Amino acid sequence: MLTTAPAAYAQNANGQTNVTMVSPLSLVKDSDLNFGNLIAGTAAGSVVVDPDSNRTVSGGTTEAAGTVSAARFQGLGVGGQRVSVRMPNGSTTLNRIGGGAPMNMRDMIFEVDNAVTLGRGNSGQHRLIGSGSFTVRVGGTLDVGANQLPGTYTGTFEVRVNYF
């Protein structure tokens, strides 16, 4: 018995590729600070995300599922070079998309990977080791109001790195 093979079909599709080349002595955001999903209670509360992406919830706020992460910034200098990392003083306002009931983020904290901290504590002065590639991991404390309105809240903060 003679059979015929089914007809073959070929389809083409195009994809896209992107790259951004950055210069040495740069700082590039890798990921945002994300407090995850929260449920506001009848009492105010606070949420801390540390530079290792651990979340601690206290007061009237309850944690819910969702992605929790510290912000990450990638930098590139030269091995042995000194850098100074600075965070904003005071608080940053997170505004609800659609308006109403802003929240404050305060007590920003950071850690620098692939660098040796100079001086006492986290003074902001670091000496880069190895190739000079480093990561700044940033956390902070979010103040959640009693009966905080549901919704998505966003805000911005600055990380400043000086190379010398």
Side-chain angles (χ1 to χ4, degrees), residues 15-40 44-97 101-145 148 151-164:
Q16 248 186 328
T17 182
N18 297 300
V19 65
T20 302
M21 299 299 293
V22 296
S23 64
L25 309 183
S26 298
L27 186 68
V28 178
K29 181 185 77 169
D30 184 33
S31 61
D32 291 317
L33 174 56
N34 192 334
F35 288 91
N37 296 325
L38 303 167
I39 301 168
S46 64
V47 182
V48 176
V49 172
D50 69 22
D52 292 322
S53 297
N54 299 308
R55 177 172 68 178
T56 305
V57 178
S58 61
T61 304
T62 303
E63 60 187 313
T67 302
V68 176
S69 63
R72 290 175 49 98
F73 298 85
Q74 301 296 318
L76 179 61
V78 177
Q81 184 173 24
R82 289 187 326 148
V83 296
S84 169
V85 179
R86 298 285 182 236
M87 298 295 302
N89 292 327
S91 64
T92 298
T93 301
L94 278 71
N95 292 302
R96 182 176 172 270
I97 295 174
M103 289 188 282
N104 285 323
M105 180 178 61
R106 58 182 168 80
D107 300 335
M108 304 288 293
I109 53 175
F110 67 91
E111 290 183 7
V112 180
D113 297 332
N114 299 326
V116 175
T117 302
L118 304 173
R120 290 186 170 159
N122 199 353
S123 65
Q125 299 288 321
H126 304 273
R127 184 171 308 283
L128 303 179
I129 58 176
S131 66
S133 173
F134 65 99
T135 303
V136 179
R137 296 177 288 119
V138 180
T141 301
L142 179 67
D143 293 321
V144 179
Q148 188 78 42
T152 301
Y153 290 75
T154 63
T156 60
F157 62 91
E158 179 181 84
V159 176
R160 180 172 296 225
V161 174
N162 292 317
Y163 296 84
F164 48 111

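Reckoned from all heavy atoms, side chains included, excluding hydrogens, waters and symmetry mates. Model, not experiment: these values are computed from the prediction.
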### Query
Looking at Asp113 and Phe134, what are the two nearest heavy atoms and their distance?
O-CB, 3.2 Å
### Message
How close do Val68 and Ser53 get, counting heavy atoms only, and between which atoms?
### Response
CG1-O, 3.8 Å
### Query
When rounded to the nearest 0.5 angstrom, what is the spacing between CD in Gln81 and CD1 in Ile129?
14.0 Å
### Query
Only one of Val144, Asn95, Leu94 forms a side-chain contact (heavy atoms from CB on, under 4.5 Å) with Tyr153, so which one is it?
Leu94
### Task
State whether the side chain of Arg55 and the backbone N or O of Val47 hold a donor-acceptor pair below 3.5 Å, judged by distance alone.
no
### Message
Between Asp52 (side chain only) and Asn54 (backbone N and O only), is there a donor and an acceptor less than 3.5 Å apart?
### Response
no
### Task
Give a yes or no answer on whether the side chain of Asn34 reaches the backbone of Ser69 with a donor-acceptor pair at less than 3.5 Å.
no
### Task
Return yes if some donor-acceptor pair links the side-chain N/O of Arg137 with the main-chain N/O of Arg72 below 3.5 Å, else return no.
no
## Note on the structure
Distance col, row Phe110:CZ vs Thr135:OG1, nearest 0.5 angstrom, shows 13.5 Å
### Nearest heavy atoms of Gly77 and Leu128, plus distance in Å
CA-CD1, 3.8 Å
#### Entry: Positive for side-chain contact (heavy atoms from CB on, under 4.5 Å) with Ser91, one of Leu142, Thr141, Asn104, Asp143
Asn104
### Task
Considering non-hydrogen atoms only, spot the tightest contact between Phe73 and Lys29 and give its length.
CD2-CA, 3.6 Å
### Query
Just how far is it from atom CG of Asn37 to atom OG1 of Thr62, taken to the nearest 0.5 Å?
12.5 Å
### Summary
Minimal heavy-atom distance between Phe35 and Gly140, with the atoms involved, is CE2-O, 3.5 Å
### Task
Starting at CZ of Arg86, measure out to CD of Glu158 and round the result to the nearest 0.5 Å.
12.5 Å
### Task
I would like to know whether Val159 and Val85 meet side-chain contact (heavy atoms from CB on, under 4.5 Å); could you show each step before the answer?
CA-CA 7 Å; Val159 176; Val85 179; 4.2 Å; yes
### Query
Just wondering, more than 12 heavy atoms not from Arg106 lying within 6.0 Å of its CZ?
yes
### Query
Can you tell me how far the OG1 atom of Thr117 sits from the CD atom of Gln125, to the nearest 0.5 Å?
10.0 Å
### Message
Tell me the closest heavy-atom pair linking Pro102 and Thr93, and the distance in Å.
### Response
CB-CG2, 3.7 Å
### Query
With no hydrogens and no angle check, is any side-chain donor or acceptor of Tyr163 less than 3.5 Å from a backbone partner on Ser26?
yes
### Query
Measuring from Asn162:CG to Leu27:CG, what's the distance to the nearest 0.5 Å?
10.5 Å
### Task
Could I get the full list of salt bridge (Lys or Arg N to Asp or Glu O under 4.0 Å) partners for Asp107, not counting sequence neighbours?
none
### Side chain Gln148, main chain Ala101, donor-acceptor under 3.5 Å
yes
